[in-house]
2 protein chains.
Amino acid sequence: MIVYCVELTTGTLGLARQSIEDIRKAELIEAALAVVAEEGHDAATTQKIAARAGISAGIVHHYFGDKATLLQATMRAIRKPVALAYAENLAARGLTEPVGRAALEACLEAHLSPSILTVRRAAAWLQFAARVAYVPDYARVHSLVRYRQVAALTRAVRPLVPQQSEAAQQGMRLAVALDGYWMECATREGGLRSGEARMAIDALLSDSIW
Amino acid sequence: MIVYCVELTTGTLGLARQSIEDIRKAELIEAALAVVAEEGHDAATTQKIAARAGISAGIVHHYFGDKATLLQATMRAIRKPVALAYAENLAARGLTEPVGRAALEACLEAHLSPSILTVRRAAAWLQFAARVAYVPDYARVHSLVRYRQVAALTRAVRPLVPQQSEAAQQGMRLAVALDGYWMECATREGGLRSGEARMAIDALLSDSIW
DNA sequence: ATTTATAGATTGAATGATCAATCAATTTAT
DNA sequence: ATAAATTGATTGATCATTCAATCTATAAAT
(Lines give C-alpha, C1' and ligand atoms only; values in the text may rest on other atoms or scores of the structure.)
Protein backbone atom coordinates (compact mmCIF):
# COMPACT_ATOMS: atom_id res chain seq x y z
CA MET A 1 0.00 0.00 0.00
CA ILE A 2 1.53 3.25 -1.13
CA VAL A 3 0.85 6.45 0.73
CA TYR A 4 1.41 9.55 -1.29
CA CYS A 5 2.62 12.27 1.01
CA VAL A 6 0.38 14.99 -0.32
CA GLU A 7 1.16 17.29 2.56
CA LEU A 8 4.76 17.25 1.37
CA THR A 9 4.25 17.45 -2.37
CA THR A 10 1.72 20.26 -2.20
CA GLY A 11 2.55 21.75 1.15
CA THR A 12 1.89 25.45 1.61
CA LEU A 13 4.86 26.09 3.87
CA GLY A 14 7.11 27.04 1.02
CA LEU A 15 8.86 23.71 1.10
CA ALA A 16 10.22 22.61 -2.23
CA ARG A 17 7.83 20.22 -3.85
CA GLN A 18 9.06 16.68 -3.42
CA SER A 19 8.12 14.52 -6.34
CA ILE A 20 7.19 10.91 -5.89
CA GLU A 21 10.53 10.11 -7.45
CA ASP A 22 12.44 12.08 -4.82
CA ILE A 23 10.43 10.44 -2.04
CA ARG A 24 10.94 6.91 -3.35
CA LYS A 25 14.64 7.49 -3.89
CA ALA A 26 15.06 8.76 -0.35
CA GLU A 27 13.10 5.81 1.03
CA LEU A 28 15.19 3.35 -0.93
CA ILE A 29 18.43 4.97 0.21
CA GLU A 30 17.32 4.84 3.83
CA ALA A 31 16.29 1.19 3.42
CA ALA A 32 19.55 0.30 1.71
CA LEU A 33 21.50 1.99 4.49
CA ALA A 34 19.62 -0.01 7.11
CA VAL A 35 20.02 -3.35 5.34
CA VAL A 36 23.69 -2.80 4.54
CA ALA A 37 24.44 -1.83 8.13
CA GLU A 38 22.43 -4.64 9.71
CA GLU A 39 23.17 -7.52 7.38
CA GLY A 40 26.20 -6.43 5.40
CA HIS A 41 26.75 -5.39 1.80
CA ASP A 42 26.81 -9.00 0.63
CA ALA A 43 23.35 -9.76 2.00
CA ALA A 44 21.80 -6.53 0.77
CA THR A 45 19.68 -7.88 -2.07
CA THR A 46 17.25 -5.71 -3.99
CA GLN A 47 14.45 -7.83 -2.56
CA LYS A 48 15.49 -7.10 1.02
CA ILE A 49 16.03 -3.42 0.38
CA ALA A 50 12.68 -3.02 -1.35
CA ALA A 51 10.90 -5.01 1.35
CA ARG A 52 12.51 -2.78 3.97
CA ALA A 53 11.18 0.25 2.13
CA GLY A 54 7.79 -1.42 1.89
CA ILE A 55 7.70 -1.47 -1.89
CA SER A 56 8.29 -3.89 -4.73
CA ALA A 57 11.72 -4.93 -5.93
CA GLY A 58 11.11 -3.63 -9.43
CA ILE A 59 11.03 -0.05 -8.13
CA VAL A 60 14.77 -0.09 -7.57
CA HIS A 61 15.38 -0.38 -11.28
CA HIS A 62 12.60 2.01 -12.18
CA TYR A 63 14.19 4.85 -10.23
CA PHE A 64 17.87 3.97 -10.00
CA GLY A 65 18.39 1.91 -13.14
CA ASP A 66 20.34 -0.72 -11.27
CA LYS A 67 21.35 -1.80 -7.81
CA ALA A 68 24.86 -0.37 -8.11
CA THR A 69 23.54 3.16 -8.58
CA LEU A 70 21.34 2.88 -5.52
CA LEU A 71 24.26 1.65 -3.44
CA GLN A 72 26.51 4.43 -4.64
CA ALA A 73 23.85 6.97 -3.64
CA THR A 74 23.60 5.22 -0.29
CA MET A 75 27.34 5.51 0.26
CA ARG A 76 27.22 9.24 -0.44
CA ALA A 77 24.34 9.67 2.00
CA ILE A 78 26.28 8.12 4.88
CA ARG A 79 28.79 10.97 5.18
CA LYS A 80 26.44 13.89 4.73
CA PRO A 81 25.67 14.20 8.46
CA VAL A 82 29.39 14.56 9.17
CA ALA A 83 29.73 17.52 6.85
CA LEU A 84 26.55 19.08 8.24
CA ALA A 85 27.73 18.60 11.82
CA TYR A 86 31.07 20.21 11.00
CA ALA A 87 29.32 23.28 9.60
CA GLU A 88 27.04 23.41 12.63
CA ASN A 89 29.91 23.02 15.07
CA LEU A 90 31.83 25.83 13.38
CA ALA A 91 28.79 28.09 13.53
CA ALA A 92 28.14 27.21 17.17
CA ARG A 93 31.67 28.40 17.95
CA GLY A 94 31.17 31.60 16.03
CA LEU A 95 34.01 30.77 13.68
CA THR A 96 34.02 32.50 10.33
CA GLU A 97 37.20 30.74 9.26
CA PRO A 98 37.63 26.99 9.87
CA VAL A 99 41.06 27.49 11.33
CA GLY A 100 42.77 26.90 14.66
CA ARG A 101 42.18 24.77 17.69
CA ALA A 102 38.46 25.47 17.95
CA ALA A 103 37.97 24.50 14.31
CA LEU A 104 39.94 21.32 14.89
CA GLU A 105 37.72 20.43 17.80
CA ALA A 106 34.66 21.19 15.66
CA CYS A 107 35.93 18.78 13.02
CA LEU A 108 36.85 16.03 15.46
CA GLU A 109 33.46 16.31 17.14
CA ALA A 110 31.72 16.14 13.78
CA HIS A 111 33.44 12.81 13.19
CA LEU A 112 33.31 11.27 16.66
CA SER A 113 30.38 12.60 18.68
CA PRO A 114 27.92 9.84 19.60
CA SER A 115 25.13 11.41 17.58
CA ILE A 116 27.23 11.12 14.42
CA LEU A 117 29.41 8.08 14.97
CA THR A 118 26.64 5.52 15.45
CA VAL A 119 27.16 1.80 15.00
CA ARG A 120 24.80 1.86 12.04
CA ARG A 121 26.65 4.62 10.24
CA ALA A 122 30.09 3.21 10.97
CA ALA A 123 29.06 -0.29 9.96
CA ALA A 124 27.51 0.89 6.70
CA TRP A 125 30.51 3.05 5.86
CA LEU A 126 32.91 0.19 6.49
CA GLN A 127 30.93 -1.99 4.08
CA PHE A 128 31.58 0.47 1.30
CA ALA A 129 35.11 1.47 2.30
CA ALA A 130 36.21 -2.16 2.31
CA ARG A 131 35.23 -2.40 -1.38
CA VAL A 132 36.99 0.73 -2.56
CA ALA A 133 39.78 -1.26 -4.16
CA TYR A 134 37.35 -3.31 -6.24
CA VAL A 135 34.44 -1.00 -7.08
CA PRO A 136 35.51 2.17 -8.93
CA ASP A 137 32.21 3.87 -8.05
CA TYR A 138 32.98 3.44 -4.37
CA ALA A 139 36.57 4.56 -4.85
CA ARG A 140 35.38 7.85 -6.32
CA VAL A 141 33.10 8.62 -3.37
CA HIS A 142 35.74 7.51 -0.89
CA SER A 143 38.55 9.59 -2.33
CA LEU A 144 36.36 12.68 -2.45
CA VAL A 145 35.27 12.25 1.16
CA ARG A 146 38.83 11.60 2.24
CA TYR A 147 40.19 14.57 0.32
CA ARG A 148 37.77 16.98 1.97
CA GLN A 149 38.37 15.44 5.38
CA VAL A 150 42.15 15.79 5.19
CA ALA A 151 41.82 19.29 3.74
CA ALA A 152 39.61 20.42 6.65
CA LEU A 153 41.92 18.92 9.25
CA THR A 154 45.04 20.32 7.60
CA ARG A 155 43.55 23.79 7.37
CA ALA A 156 42.42 23.76 10.99
CA VAL A 157 45.82 22.60 12.17
CA ARG A 158 47.97 24.98 10.15
CA PRO A 159 48.32 27.77 12.73
CA LEU A 160 49.00 25.20 15.44
CA VAL A 161 52.17 23.70 13.99
CA PRO A 162 55.52 25.46 13.76
CA GLN A 163 56.12 24.66 10.09
CA GLN A 164 53.67 24.78 7.21
CA SER A 165 54.82 21.43 5.88
CA GLU A 166 53.84 19.71 9.09
CA ALA A 167 50.20 20.68 8.75
CA ALA A 168 49.56 18.23 5.92
CA GLN A 169 51.22 15.43 7.85
CA GLN A 170 49.21 16.18 10.96
CA GLY A 171 46.03 16.38 8.89
CA MET A 172 46.70 12.96 7.47
CA ARG A 173 47.56 11.53 10.88
CA LEU A 174 44.33 12.84 12.33
CA ALA A 175 42.33 11.44 9.42
CA VAL A 176 43.93 8.04 9.94
CA ALA A 177 43.07 8.14 13.63
CA LEU A 178 39.47 9.08 12.84
CA ASP A 179 39.25 6.15 10.44
CA GLY A 180 40.52 3.93 13.21
CA TYR A 181 37.73 5.03 15.54
CA TRP A 182 35.10 4.52 12.86
CA MET A 183 36.45 1.04 12.27
CA GLU A 184 36.50 0.34 15.99
CA CYS A 185 32.92 1.49 16.28
CA ALA A 186 31.89 -0.82 13.44
CA THR A 187 33.79 -3.91 14.52
CA ARG A 188 33.41 -3.81 18.31
CA GLU A 189 30.13 -5.20 19.60
CA GLY A 190 28.01 -2.31 20.78
CA GLY A 191 30.29 0.31 19.31
CA LEU A 192 32.28 2.80 21.36
CA ARG A 193 31.62 2.99 25.08
CA SER A 194 29.97 6.02 26.58
CA GLY A 195 32.50 8.80 27.01
CA GLU A 196 35.04 7.11 24.79
CA ALA A 197 34.43 9.56 21.96
CA ARG A 198 35.02 12.53 24.24
CA MET A 199 38.26 11.00 25.50
CA ALA A 200 39.38 10.32 21.95
CA ILE A 201 38.72 13.93 20.96
CA ASP A 202 40.63 15.24 23.98
CA ALA A 203 43.51 12.89 23.29
CA LEU A 204 43.74 13.96 19.65
CA LEU A 205 43.52 17.61 20.66
CA SER A 206 46.39 17.29 23.11
CA ASP A 207 48.54 15.20 20.79
CA SER A 208 52.22 15.77 20.37
CA ILE A 209 53.04 19.04 18.71
CA TRP A 210 50.58 21.69 19.81
CA MET B 1 49.59 -30.80 -12.87
CA ILE B 2 50.37 -31.61 -9.29
CA VAL B 3 53.94 -31.47 -8.08
CA TYR B 4 54.58 -33.40 -4.93
CA CYS B 5 57.26 -31.59 -3.00
CA VAL B 6 59.25 -34.66 -2.08
CA GLU B 7 62.13 -32.58 -0.85
CA LEU B 8 59.81 -31.23 1.79
CA THR B 9 57.90 -34.35 2.67
CA THR B 10 60.98 -36.52 3.08
CA GLY B 11 63.57 -33.87 3.71
CA THR B 12 66.59 -34.89 5.77
CA LEU B 13 67.00 -31.55 7.49
CA GLY B 14 64.94 -32.54 10.44
CA LEU B 15 61.95 -30.65 9.14
CA ALA B 16 58.63 -32.08 10.16
CA ARG B 17 57.22 -34.21 7.39
CA GLN B 18 54.59 -32.29 5.53
CA SER B 19 51.75 -34.45 4.37
CA ILE B 20 50.03 -33.85 1.07
CA GLU B 21 47.13 -32.56 3.09
CA ASP B 22 49.26 -29.95 4.83
CA ILE B 23 50.75 -28.88 1.52
CA ARG B 24 47.41 -28.55 -0.24
CA LYS B 25 45.91 -26.67 2.67
CA ALA B 26 48.79 -24.21 2.68
CA GLU B 27 48.52 -23.76 -1.08
CA LEU B 28 44.80 -23.13 -0.85
CA ILE B 29 45.24 -20.62 1.95
CA GLU B 30 47.88 -18.77 -0.03
CA ALA B 31 45.65 -18.79 -3.10
CA ALA B 32 42.64 -17.63 -1.12
CA LEU B 33 44.70 -14.83 0.39
CA ALA B 34 45.80 -13.69 -3.06
CA VAL B 35 42.32 -13.80 -4.59
CA VAL B 36 40.67 -12.10 -1.61
CA ALA B 37 43.27 -9.33 -1.64
CA GLU B 38 43.23 -8.80 -5.40
CA GLU B 39 39.56 -9.19 -6.21
CA GLY B 40 37.79 -8.89 -2.86
CA HIS B 41 36.00 -11.33 -0.62
CA ASP B 42 32.83 -11.18 -2.73
CA ALA B 43 34.62 -12.28 -5.88
CA ALA B 44 36.63 -15.03 -4.19
CA THR B 45 34.83 -18.09 -5.53
CA THR B 46 36.08 -21.61 -4.91
CA GLN B 47 36.70 -21.86 -8.65
CA LYS B 48 39.01 -18.85 -8.65
CA ILE B 49 40.81 -19.90 -5.51
CA ALA B 50 41.37 -23.43 -6.76
CA ALA B 51 42.47 -22.17 -10.18
CA ARG B 52 44.93 -19.83 -8.46
CA ALA B 53 46.34 -22.79 -6.56
CA GLY B 54 46.49 -24.77 -9.80
CA ILE B 55 44.10 -27.48 -8.65
CA SER B 56 40.49 -28.48 -9.05
CA ALA B 57 37.63 -26.80 -7.23
CA GLY B 58 36.56 -30.03 -5.57
CA ILE B 59 39.76 -30.07 -3.51
CA VAL B 60 38.54 -27.21 -1.36
CA HIS B 61 35.76 -29.36 0.02
CA HIS B 62 37.93 -32.44 0.23
CA TYR B 63 40.39 -30.77 2.60
CA PHE B 64 38.44 -27.96 4.24
CA GLY B 65 34.89 -29.29 4.15
CA ASP B 66 33.51 -26.01 2.93
CA LYS B 67 34.53 -22.62 1.67
CA ALA B 68 33.84 -20.89 4.99
CA THR B 69 36.43 -23.01 6.79
CA LEU B 70 39.08 -22.21 4.19
CA LEU B 71 38.37 -18.51 4.48
CA GLN B 72 38.52 -18.62 8.25
CA ALA B 73 41.93 -20.32 8.04
CA THR B 74 42.98 -17.65 5.56
CA MET B 75 41.97 -14.90 7.93
CA ARG B 76 44.04 -16.45 10.70
CA ALA B 77 47.05 -16.73 8.39
CA ILE B 78 47.03 -13.03 7.59
CA ARG B 79 48.07 -11.92 11.06
CA LYS B 80 50.68 -14.56 11.77
CA PRO B 81 53.55 -12.52 10.28
CA VAL B 82 52.71 -9.66 12.65
CA ALA B 83 53.06 -11.88 15.70
CA LEU B 84 56.26 -13.41 14.33
CA ALA B 85 57.74 -9.99 13.58
CA TYR B 86 56.90 -8.79 17.09
CA ALA B 87 58.77 -11.74 18.60
CA GLU B 88 61.71 -11.15 16.26
CA ASN B 89 61.81 -7.43 17.01
CA LEU B 90 61.80 -8.11 20.73
CA ALA B 91 64.62 -10.60 20.36
CA ALA B 92 66.62 -8.23 18.15
CA ARG B 93 66.43 -5.67 20.94
CA GLY B 94 67.56 -8.20 23.52
CA LEU B 95 64.36 -7.77 25.48
CA THR B 96 63.40 -10.59 27.79
CA GLU B 97 60.26 -8.76 28.92
CA PRO B 98 57.97 -7.07 26.36
CA VAL B 99 57.85 -3.91 28.40
CA GLY B 100 58.84 -0.29 28.01
CA ARG B 101 59.58 2.02 25.14
CA ALA B 102 61.74 -0.44 23.20
CA ALA B 103 58.99 -3.07 23.39
CA LEU B 104 56.46 -0.51 22.22
CA GLU B 105 58.63 0.31 19.23
CA ALA B 106 59.02 -3.40 18.52
CA CYS B 107 55.24 -3.80 18.49
CA LEU B 108 54.60 -0.74 16.35
CA GLU B 109 57.23 -1.86 13.86
CA ALA B 110 55.71 -5.32 13.74
CA HIS B 111 52.44 -3.73 12.67
CA LEU B 112 53.65 -0.97 10.37
CA SER B 113 57.01 -1.83 8.81
CA PRO B 114 56.79 -2.06 5.01
CA SER B 115 57.69 -5.74 5.01
CA ILE B 116 54.64 -6.50 7.16
CA LEU B 117 52.09 -3.88 6.22
CA THR B 118 51.84 -4.67 2.52
CA VAL B 119 48.90 -3.67 0.38
CA ARG B 120 48.03 -7.31 -0.10
CA ARG B 121 47.96 -8.10 3.60
CA ALA B 122 46.07 -4.94 4.55
CA ALA B 123 43.56 -5.41 1.75
CA ALA B 124 42.91 -9.04 2.67
CA TRP B 125 42.58 -8.22 6.37
CA LEU B 126 40.11 -5.44 5.65
CA GLN B 127 37.96 -7.87 3.66
CA PHE B 128 37.57 -10.04 6.73
CA ALA B 129 37.43 -7.27 9.33
CA ALA B 130 34.59 -5.58 7.47
CA ARG B 131 32.52 -8.76 7.92
CA VAL B 132 33.03 -9.42 11.63
CA ALA B 133 29.60 -8.02 12.46
CA TYR B 134 27.94 -10.54 10.14
CA VAL B 135 30.14 -13.66 10.22
CA PRO B 136 30.64 -15.09 13.73
CA ASP B 137 33.66 -17.10 12.56
CA TYR B 138 35.39 -13.89 11.54
CA ALA B 139 34.35 -12.15 14.73
CA ARG B 140 36.07 -14.84 16.79
CA VAL B 141 39.37 -14.47 14.94
CA HIS B 142 39.12 -10.70 15.00
CA SER B 143 38.46 -10.40 18.70
CA LEU B 144 41.31 -12.76 19.54
CA VAL B 145 43.75 -10.82 17.38
CA ARG B 146 42.52 -7.54 18.79
CA TYR B 147 42.73 -8.79 22.38
CA ARG B 148 46.34 -9.87 22.00
CA GLN B 149 47.24 -6.66 20.19
CA VAL B 150 45.80 -4.40 22.88
CA ALA B 151 47.34 -6.56 25.59
CA ALA B 152 50.80 -6.28 24.06
CA LEU B 153 50.52 -2.52 23.61
CA THR B 154 49.14 -2.02 27.11
CA ARG B 155 51.88 -4.09 28.68
CA ALA B 156 54.60 -2.26 26.76
CA VAL B 157 53.21 1.12 27.70
CA ARG B 158 52.61 0.48 31.40
CA PRO B 159 55.95 1.78 32.74
CA LEU B 160 55.67 4.83 30.48
CA VAL B 161 52.47 6.26 31.90
CA PRO B 162 52.08 7.87 35.34
CA GLN B 163 49.01 5.86 36.36
CA GLN B 164 48.27 2.20 35.81
CA SER B 165 44.76 2.89 34.63
CA GLU B 166 46.05 4.98 31.76
CA ALA B 167 47.97 2.10 30.23
CA ALA B 168 44.84 0.32 29.02
CA GLN B 169 43.52 3.53 27.49
CA GLN B 170 46.80 4.19 25.74
CA GLY B 171 46.93 0.59 24.54
CA MET B 172 43.49 0.95 23.01
CA ARG B 173 44.35 4.30 21.44
CA LEU B 174 47.45 2.83 19.85
CA ALA B 175 45.52 -0.16 18.54
CA VAL B 176 42.94 2.17 17.00
CA ALA B 177 45.70 4.17 15.32
CA LEU B 178 47.29 0.99 13.97
CA ASP B 179 43.94 -0.07 12.55
CA GLY B 180 43.70 3.31 10.89
CA TYR B 181 47.03 2.81 9.15
CA TRP B 182 46.07 -0.67 7.99
CA MET B 183 42.86 0.72 6.60
CA GLU B 184 44.70 3.56 4.92
CA CYS B 185 47.13 1.09 3.38
CA ALA B 186 44.23 -0.97 2.03
CA THR B 187 42.11 1.87 0.68
CA ARG B 188 44.71 4.26 -0.70
CA GLU B 189 45.95 3.39 -4.18
CA GLY B 190 49.48 2.06 -3.88
CA GLY B 191 49.34 1.82 -0.10
CA LEU B 192 51.47 3.91 2.23
CA ARG B 193 54.20 6.05 0.74
CA SER B 194 57.82 5.20 1.35
CA GLY B 195 58.88 6.44 4.75
CA GLU B 196 55.33 7.01 5.89
CA ALA B 197 55.40 3.96 8.15
CA ARG B 198 58.58 5.17 9.87
CA MET B 199 57.05 8.59 10.43
CA ALA B 200 53.91 7.01 11.83
CA ILE B 201 55.94 4.94 14.28
CA ASP B 202 57.92 7.96 15.41
CA ALA B 203 54.75 9.99 15.82
CA LEU B 204 53.07 7.31 17.90
CA LEU B 205 56.21 6.90 20.00
CA SER B 206 56.35 10.62 20.78
CA ASP B 207 52.62 10.94 21.44
CA SER B 208 51.19 12.89 24.29
CA ILE B 209 51.82 11.35 27.67
CA TRP B 210 55.29 9.87 27.67
C1' DA C 1 -19.05 17.49 -11.32
C1' DT C 2 -18.24 13.60 -13.94
C1' DT C 3 -15.88 11.27 -17.35
C1' DT C 4 -12.02 10.16 -19.91
C1' DA C 5 -7.23 10.17 -21.47
C1' DT C 6 -2.58 9.91 -20.48
C1' DA C 7 1.52 9.51 -18.13
C1' DG C 8 3.67 7.81 -14.35
C1' DA C 9 4.02 4.34 -10.62
C1' DT C 10 3.95 -0.32 -9.15
C1' DT C 11 3.80 -5.17 -9.18
C1' DG C 12 5.46 -9.89 -9.42
C1' DA C 13 6.50 -13.60 -12.37
C1' DA C 14 10.03 -15.10 -15.69
C1' DT C 15 14.87 -15.23 -17.30
C1' DG C 16 19.49 -16.15 -17.27
C1' DA C 17 23.64 -16.07 -14.83
C1' DT C 18 26.52 -17.40 -10.91
C1' DC C 19 28.05 -20.22 -7.40
C1' DA C 20 28.73 -23.67 -3.34
C1' DA C 21 28.46 -28.22 -2.62
C1' DT C 22 28.04 -33.12 -4.04
C1' DC C 23 29.52 -37.30 -5.96
C1' DA C 24 30.70 -40.87 -9.09
C1' DA C 25 34.62 -41.80 -11.83
C1' DT C 26 39.53 -41.59 -12.52
C1' DT C 27 44.29 -41.17 -11.31
C1' DT C 28 48.18 -41.65 -8.24
C1' DA C 29 50.92 -43.30 -4.37
C1' DT C 30 52.28 -46.81 -1.21
C1' DA D 1 45.85 -54.06 -3.98
C1' DT D 2 44.41 -50.64 -1.22
C1' DA D 3 43.84 -46.11 0.21
C1' DA D 4 44.27 -41.45 -0.80
C1' DA D 5 44.02 -37.74 -4.02
C1' DT D 6 41.90 -35.48 -7.75
C1' DT D 7 38.71 -34.29 -11.28
C1' DG D 8 34.76 -32.06 -13.39
C1' DA D 9 30.03 -32.53 -14.44
C1' DT D 10 25.74 -31.96 -11.94
C1' DT D 11 22.44 -30.11 -8.70
C1' DG D 12 19.89 -26.84 -6.36
C1' DA D 13 19.72 -22.40 -4.58
C1' DT D 14 20.17 -17.39 -4.96
C1' DC D 15 20.01 -13.19 -7.19
C1' DA D 16 19.89 -8.95 -10.52
C1' DT D 17 17.40 -7.62 -14.15
C1' DT D 18 13.58 -7.47 -17.47
C1' DC D 19 8.96 -6.85 -18.84
C1' DA D 20 4.15 -7.26 -19.58
C1' DA D 21 0.26 -6.20 -16.96
C1' DT D 22 -2.11 -3.47 -13.51
C1' DC D 23 -2.96 0.42 -10.75
C1' DT D 24 -3.10 5.47 -9.59
C1' DA D 25 -3.16 10.35 -10.13
C1' DT D 26 -3.80 14.37 -12.69
C1' DA D 27 -5.73 17.26 -16.07
C1' DA D 28 -8.44 18.10 -20.00
C1' DA D 29 -13.02 17.71 -21.90
C1' DT D 30 -17.78 17.32 -21.54
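Reminder, nothing fancy here: chain letters follow the sequence lines and each chain counts from 1.
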Could you give the [atom1]-to-[atom2] distance, from [X] to [N], as a whole number of Å?
{"X": "A:H41", "N": "D:dA16", "atom1": "NE2", "atom2": "C1'", "value": "13 Å"}
{"X": "B:I23", "N": "D:dA4", "atom1": "CD1", "atom2": "P", "value": "17 Å"}
{"X": "A:I55", "N": "D:dC23", "atom1": "CD1", "atom2": "P", "value": "19 Å"}
{"X": "A:I20", "N": "C:dA7", "atom1": "CD1", "atom2": "P", "value": "18 Å"}
{"X": "A:D42", "N": "D:dC15", "atom1": "CG", "atom2": "P", "value": "11 Å"}

CZ/B:R148: more than 12 non-hydrogen atoms of other groups inside 6.0 Å |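 Count not over threshold, so no.
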
Does a salt bridge link B:E109 with B:R93, judged by any charged N lying under 4.0 Å from a carboxylate O?
->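 Salt bridge between B:E109 and B:R93, a charged N being under 4.0 Å from a carboxylate O: yes.
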
Could you tell me whether B:D42 and B:R131 have a side-chain N and a carboxylate O separated by less than 4.0 Å?
->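 Counted as a salt bridge, because a side-chain N and a carboxylate O are separated by less than 4.0 Å.
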
Check: A:H41 ring centroid to A:Y138 ring centroid under 6.0 Å |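 Yes: the rings meet the under 6.0 Å criterion.
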
From D:dA16, C:dA9, C:dT10, nucleotide with atom closest to A:T46 side chain =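 Nearest to the side-chain atoms of A:T46, counting from C-beta on, is D:dA16.
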
Check every strand shown and say whether A:T45 touches a base, only sugar-phosphate, or nothing at a heavy-atom separation below 4.0 Å.
->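 Sugar-phosphate contact only.
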
Given C:dT10, is OP1 or OP2 found less than 4.0 Å from the side-chain N or O atoms of A:R24?
->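 It does, given that an N or O in the side chain of A:R24 lies less than 4.0 Å from OP1 or OP2 of C:dT10.
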
Strand-adjacent residues in residues 58-74 of chain B, judged by heavy atoms under 4.0 Å from DNA chain C |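 Heavy-atom cutoff 4.0 Å gives B:H61, B:D66, B:K67.
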
Would you kindly compare A:Q47 and A:S56 by the position of their nearest DNA chain C nucleotide and give the one closer to the 5′ end?
->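 Looking at the nearest nucleotide for each, A:S56 comes out on the 5' side.
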
Which one of A:E30, A:E38, A:E27 satisfies the side-chain hydrogen bond (donor to acceptor under 3.5 Å, both in side chains) criterion with A:R52?
->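 Single side-chain hydrogen bond (donor to acceptor under 3.5 Å, both in side chains) partner of A:R52 among A:E30, A:E38, A:E27: A:E38.
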
Using the ring of B:W182 (Phe, Tyr or Trp, six-membered ring only), decide whether B:R79 places NZ or CZ under 6.0 Å from its centre and within 45 degrees of its axis.
->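 Yes - B:R79 lies over the ring of B:W182, closer than 6.0 Å to its centre and within 45° of its axis.
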
